[in-house]
Structure formats: C-alpha cells, structure tokens
Trainee: 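Structure below; questions to follow.
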There are 2 protein chains.
Amino acid sequence: MEPDRKRPRRLRCDAEQNRERIIEAARRVYEREGLSASMASIARAAGVGIATLFRRFPTRTELIAAVFEDAMERNRAAALAAGERASAWDGFREYVETVCGLQADNRGFAEVLTMNFGSAKVLERHRQEAFAAFTDLIGRAKAEGRLREDFAPEDLLILLMANAGVLAAATDAAGEASRRLVGQMLRAFAVGAEEALPEAPAPKRLLRGMVRGRRGSAC
Amino acid sequence: MEPDRKRPRRLRCDAEQNRERIIEAARRVYEREGLSASMASIARAAGVGIATLFRRFPTRTELIAAVFEDAMERNRAAALAAGERASAWDGFREYVETVCGLQADNRGFAEVLTMNFGSAKVLERHRQEAFAAFTDLIGRAKAEGRLREDFAPEDLLILLMANAGVLAAATDAAGEASRRLVGQMLRAFAVGAEEALPEAPAPKRLLRGMVRGRRGSAC
DNA sequence: AACCAAGTGGAATGCCCTATCCGCTTGTGT
DNA sequence: ACACAAGCGGATAGGGCATTCCACTTGGTT
C-alpha cells in the first residue's frame with residue numbers, strides 16, 4: 001500500500017512497479033479462483049515472467065500475505081467499528097454479517113480467514129486485533145442479555161469455516177445461501193432470536209456443480 | 001454389493017475381483033483424502049494398472065458413484081429410520097446429527113453430499129428418497145410446534161455444505177467443531193431451543209493448517 | 001556516456017496427473 | 001486340451017505445475 005518501509009533497501013523502481021502489478025493480478029485471480037490458483041497463472045495474469053514472481057515472492061505464503069494484508073486490515077477496522085455501536089449486540093451482529101460478507105465477495109479471503117499464517121506477521125496481528133475487539137464485544141453483548149452465555153469466541157471461527165464451505169459448494173446461489181446460513185447462526189447465538197431470516201435460495205440452484213474437483217474429468 | 005445384475009453380461013471372475021479391489025481402495029483413499037484424490041493414486045492403492053481402473057470406470061464420476069452407493073444407502077436408511085420416531089422433532093434432530101456424523105467420518109462422503117451427480121442414478125435416487133423422508137419429517141415437526149415455521153428443506157443442504165467446510169478447515173478439531181456447528185444449527189431450527197450445546201474445541205487446534213492447498217509449497 | 005548491480009523473461013528440469021494404446025496373459029466354454 | 005475373447009499392466013503422449021538457472025537488458029549513479 002504505502003511506498004515501502006523496512007523492506008531491505010528499496011527496490012529499483014521498475015521492480016517496484018512489477019511488484020505492484022503482481023499483487024494486483026494475484027488479487028484478481030485469488031478473488032475469483034481461491035488460493036489454489038497456480039503461481040504460473042498469476043505470473044501470466046500480471047504479464048511478468050515466472051522468475052520475476054518467484055524472485056519477489058519466494059513462497060506462496062508471502063504472496064498471499066501481501067495480497068490480503070489490506071483485506072485483513074479492513075476486517076480489523078470492521079471489528080473496531082462494530083465495537084463502537086451503542087448496542088453491543090447490534091455491533092456483534094453487524095460484525096458477523098460484515099465479515100461473512102467479505103468472505104462472500106472474495107473466495108481467496110474466505111480461505112484466508114480460515115487458516116493460520118504463522119509467518120505473515122502483519123496479517124496475523126490484524127487478525128489478532130480483530131479477534132480481540134470481537135471478544136470484547138462478546139462480553140458486552142452477554143452482559144446486555146442479548147447474546148447467549150454459552151457463545152464461545154471459537155464459534156466465530158467455526159462460522160467462518162462453515163461459511164467458506166457454503167460459498168465453495170453453492171456456486172450459483174452462494175450469496176443467498178451464505179446469508180441464510182448467517183441468519184440461522186445469528187438466531188442460534190441470540191437470546192430472544194425472533195428476527196426474520198433471509199430467504200432460502202431456490203433448491204435447484206443450490207446443488208449444481210458436479211465433480212468440480214481440482215482436475216478436469218467430466219460427466 | 002451384490003454379485004451384479006444388469007451389468008452387461010457379467011465380468012470374468014478375475015476382473016470382478018479387481019473391480020472390488022478398486023472400489024475398496026478408492027473407498028479408503030476417498031475417505032481420507034476427499035474426492036480430489038487422483039485416479040493414479042487409487043490404481044496404485046488397489047494394486048492394479050491404471051488401464052484397468054480406466055477400463056472399469058471410464059470417468060471419475062462412475063467410480064465415485066460405485067464407491068458411495070452404499071454410504072448413500074445408509075443415509076437413506078437413516079432418514080427412513082428417523083421418520084419412524086414417535087416425536088418428529090426427535091427424528092429430525094436424530095437425522096441431522098446422523099448425516100452430519102456420516103460426513104465427519106468420511107471426507108469423501110462429506111463432499112458427495114454437497115454435489116449433484118446427474119448420471120449415477122442409484123445415488124441420486126437414494127438421495128431423493130432420503131430427502132423426501134426428511135421433508136415429510138419437516139412437516140410433522142412443524143405441526144408438533146417444535147420446528148420453526150420458516151425452516152426450509154434447503155436449510156439441510158446448506159448445513160451439509162457448511163459442515164463440509166468446517167470438516168475441511170478444522171483438521172485436528174474437525175469432529176468437535178462439526179458437532180458444535182450442528183448443535184448451534186439445531187438451536188436455530190428449534191422453536192424453544194434450550195438444549196445444551198456440545199463443547200467448543202480448544203481454539204489453538206482450530207486454526208492449524210497453513211496453505212494446505214493442493215500442491216506443496218511451504219512456509 | 002559508460003558501467004554494473006539489479007532485474008528480467010524464457011528455457012530447462014523434474015514431478016504428477018489424465019487418458020489411450022498395445023502386445024502379452026489368462027479365464028472359460030467347448 | 002485348446003482357442004480366443006476378455007482382461008491385464010506398462011509405456012506413452014500430452015499437459016500443468018513449482019522451482020531453478022542463465023544469458024540478456026536496464027535503471028541509476030558517477
């Protein structure tokens with residue numbers, strides 16, 4: 001995002017440009033295809049040689065970290081903003097919906113949110129901070145009597161994993177199915193829980209794909 | 001399962017043996033690795049040549065259908081059995097827990113339950129029948145006043161997709177995380193919903209993997 | 001202007017995968 | 001016992017991918 005800082009000794013300016021092009025291309029590719037996109041396809045999309053990609057990002061993890069740093073930052077911002085709401089429950093609800101929406105909009109980020117990147121310190125710090133803000137929200141929402149006492153912070157992680165699964169499997173109806181899932185889960189978390197549920201997607205569109213597994217094959 | 005019937009003119013007995021060996025091997029491999037396991041690895045596991053595998057199962061889908069026919073049959077049986085319970089809600093609950101448990105025990109079947117196999121008629125027929133029995137259960141559980149009126153049959157599909165996602169992402173704590181998810185969802189579905197929740201898994205084990213994507217790469 | 005470290009792209013290597021081909025082996029009906 | 005259709009597995013073609021290597025180019029400094 002910003003020029004650069006602690007990166008060892010500043011890149012030559014054409015190299016820096018290429019670096020940006022790679023990140024932008026990877027952003028597009030990951031958003032559409034998820035993290036399993038090949039390094040080669042990203043280099044192609046960026047219009048650079050494969051060697052250039054590997055020179056700048058020796059491991060896939062480093063590339064992923066660079067690409068999703070700002071999405072994770074947006075996630076953190078959403079958690080902090082939700083913490084400001086007058087009603088903790090409203091904040092809780094808002095954050096859950098927001099983060100699941102981020103997943104729905106970006107297949108790569110959906111996966112990132114369900115994994116652990118031991119290196120990638122910035123990424124993990126943002127995740128930590130978001131999680132801390134959310135944990136704080138949990139306590140207050142319970143105190144308000146709106147969130148069930150047995151809600152655990154891990155339930156958010158589980159929801160993120162579940163949502164990623166729905167998004168991956170529901171192809172066509174992914175957005176609707178995801179919103180429905182989130183609505184159901186919020187009901188499960190809430191104490192009263194009489195809020196309306198988003199409409200369920202039409203069943204035909206729900207089970208569409210067929211052996212959409214990694215490698216080709218067919219019917 | 002049974003010798004064979006309408007299969008065109010009966011295989012030579014050594015060929016039939018190989019066919020069984022392939023199915024058994026595929027069962028083991030898919031159970032562990034999911035449906036993305038390669039044909040080559042299955043042939044290797046079965047101790048047959050690749051050609052033999054392709055001769056018997058020209059497409060991946062045919063192999064998958066053969067492998068999971070009986071699991072799908074067990075699924076159907078579970079739905080029918082659940083329909084017999086005196087309390088429809090108890091049956092509903094039992095079936096949901098059972099089918100999600102089947103997913104937890106078998107990564108391949110978890111995926112099968114979230115896809116559509118246009119060919120594979122036996123598979124789809126069993127799925128249909130299970131779904132019909134479940135739909136019947138839904139109506140009765142609503143009539144009992146235990147299941148919320150806005151529960152839709154599609155919610156089961158969504159839950160299956162969600163559960164598959166949790167199972168795929170939670171590696172170590174997969175079983176616990178899955179049970180927790182199911183517990184939450186049942187709360188969302190129920191009218192009263194004051195049943196206890198399974199314990200949440202320890203957070204450390206929840207986010208473990210790191211770019212466990214298809215191909216190697218590393219930290 | 002000239003130099004050279006930094007940077008580049010494409011070729012090369014090695015792996016695994018799908019799918020098909022083909023010459024050899026074997027079960028089975030006569 | 002024999003013939004031969006049925007079946008077998010290894011080899012092969014063709015492709016994608018990760019990763020490394022290397023001869024060439026170029027930005028930036030003097």
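So that the names make sense, note that chain A is the first sequence line, chain B the second, and so on, each numbered from 1. What you see is a predicted model; the values in this text were computed from it and never measured.
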Trainee: Between the protein and nucleotides 3-6 of chain D, which nitrogen or oxygen pairs come in under 3.5 angstrom?
Mentor:
{"from": "D:dA6", "atom 1": "N3", "to": "B:Arg12", "atom 2": "NH1", "distance (Å)": "2.6"}

Trainee: Whole-Å distance between D:dG10 P and B:Arg44 CZ?
Mentor: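 Nearest whole value for this atom pair: 12 Å.
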Trainee: Nearest of C:dC17, C:dG9, D:dC8 to any side-chain atom of B:Thr52?
Mentor: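 For the B:Thr52 side chain, the nearest candidate turns out to be D:dC8.
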Trainee: Rounded off to whole Å, could you give me the CZ-to-C1' distance for the A:Phe54 and D:dA18 pair?
Mentor: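 It works out to 5 Å between those atoms.
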Trainee: Please identify each residue that fulfils side-chain hydrogen bond (donor to acceptor under 3.5 Å, both in side chains) with B:Tyr30, with sequence neighbours left out.
Mentor: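 If we apply the side-chain hydrogen bond (donor to acceptor under 3.5 Å, both in side chains) test to B:Tyr30, skipping adjacent residues, there are no hits.
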Trainee: Does atom CD (B:Glu33) have a neighbourhood of more than 12 heavy atoms from anything else shown, all under 6.0 Å?
Mentor: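 Count over threshold, so yes.
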Trainee: For residues B:Phe151 and B:Phe92, establish whether the separation of their ring centroids is below 6.0 Å.
Mentor: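 Yes - the distance between ring centres of B:Phe151 and B:Phe92 falls below the 6.0 Å cut-off.
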Trainee: Measure from CD1 on A:Ile50 to P on D:dT20 and round the result to the nearest Å.
Mentor: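 These atoms are roughly 13 Å apart.
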Trainee: Select base, sugar-phosphate, or nothing to describe what A:Ala40 touches, counting heavy atoms under 4.0 Å on all strands.
Mentor: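 It contacts sugar-phosphate atoms only.
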Trainee: Identify which nucleotide among D:dT20, C:dT8, D:dC8 has an atom closest to any side-chain atom of B:Arg55, counting heavy atoms from C-beta outward.
Mentor: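 The nucleotide sitting nearest to the side chain is D:dC8.
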Trainee: Quickly work out the A:Leu53 CG to C:dG7 C1' distance and round it to whole Å.
Mentor: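 My rounded result for the distance is 14 Å.
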Trainee: Take atom CD1 of B:Ile42 and atom P of C:dA19, then tell me their distance rounded to the nearest Å.
Mentor: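 My rounded result for the distance is 12 Å.
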Trainee: B:Arg60 side chain N/O closer than 4.0 Å to the phosphate oxygens (OP1, OP2) of C:dT18?
Mentor: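 Yes, within the criterion.
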Trainee: Are any of A:Ser38's side-chain N or O atoms less than 4.0 Å away from OP1 or OP2 of D:dC17?
Mentor: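 Answer is yes, contact under 4.0 Å.
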Trainee: I'd like to check B:Leu157 versus A:Pro203 (side-chain heavy atoms, cut-off strictly below 4.5 Å). Are they in contact?
Mentor: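 Contact flag for B:Leu157/A:Pro203 side chains = no.
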Trainee: Can you tell me the distance, in whole Å, between the CG atom of B:Asp14 and the P atom of D:dG7?
Mentor: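 Result: 8 Å.
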Trainee: Round to the nearest Å and state the distance from A:Leu35 atom CG to D:dA18 atom P.
Mentor: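 Atom-to-atom, A:Leu35 to D:dA18, this comes out as 13 Å.
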Trainee: For B:Phe109, does its backbone N or O pair with a side-chain atom of B:Asn106 as donor and acceptor, under 3.5 Å?
Mentor: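 Yes, B:Asn106 side chain to B:Phe109 backbone: donor-acceptor pair under 3.5 Å.
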Trainee: So which one's nearest nucleotide on DNA chain C is more toward 5', A:Gly47 or B:Ala51?
Mentor: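 Upstream on the strand: A:Gly47.
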Trainee: Atom CD of B:Gln17 and atom C1' of C:dG27: how far apart are they, to the nearest Å?
Mentor: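 Atom-to-atom, B:Gln17 to C:dG27, this comes out as 12 Å.
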Trainee: Is it the case that the side chains of B:Glu111 and B:Thr114 hold a donor-acceptor pair, with the cut-off being a distance below 3.5 Å and no angle test?
Mentor: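 Note: B:Thr114 and B:Glu111 side chains miss the donor-acceptor criterion.
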Trainee: Taking only side-chain nitrogens and oxygens of B:Arg21, does any of them come within less than 4.0 Å of OP1 or OP2 of D:dC8?
Mentor: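 For D:dC8, neither OP1 nor OP2 has a side-chain N or O of B:Arg21 closer than 4.0 Å.
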Trainee: Between A:Asn18 and C:dG7, does any side-chain N or O lie under 4.0 Å from OP1 or OP2?
Mentor: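 Negative; the distance criterion is not met.
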Trainee: Report the residue (B:Cys13 or B:Ala37) whose heavy-atom-nearest nucleotide on DNA chain C is the more 5′ of the two.
Mentor: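 The residue whose closest nucleotide sits nearer the 5' end is B:Ala37.
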Trainee: Under the side-chain hydrogen bond (donor to acceptor under 3.5 Å, both in side chains) definition, can you give me all pairs with a residue in residues 151-163 of chain A, not counting sequence neighbours?
Mentor: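 The answer is A:Gln103-A:Asn163, A:Asp155-B:Arg180, A:Asp155-B:Gln184, A:Asn163-A:Ser178.
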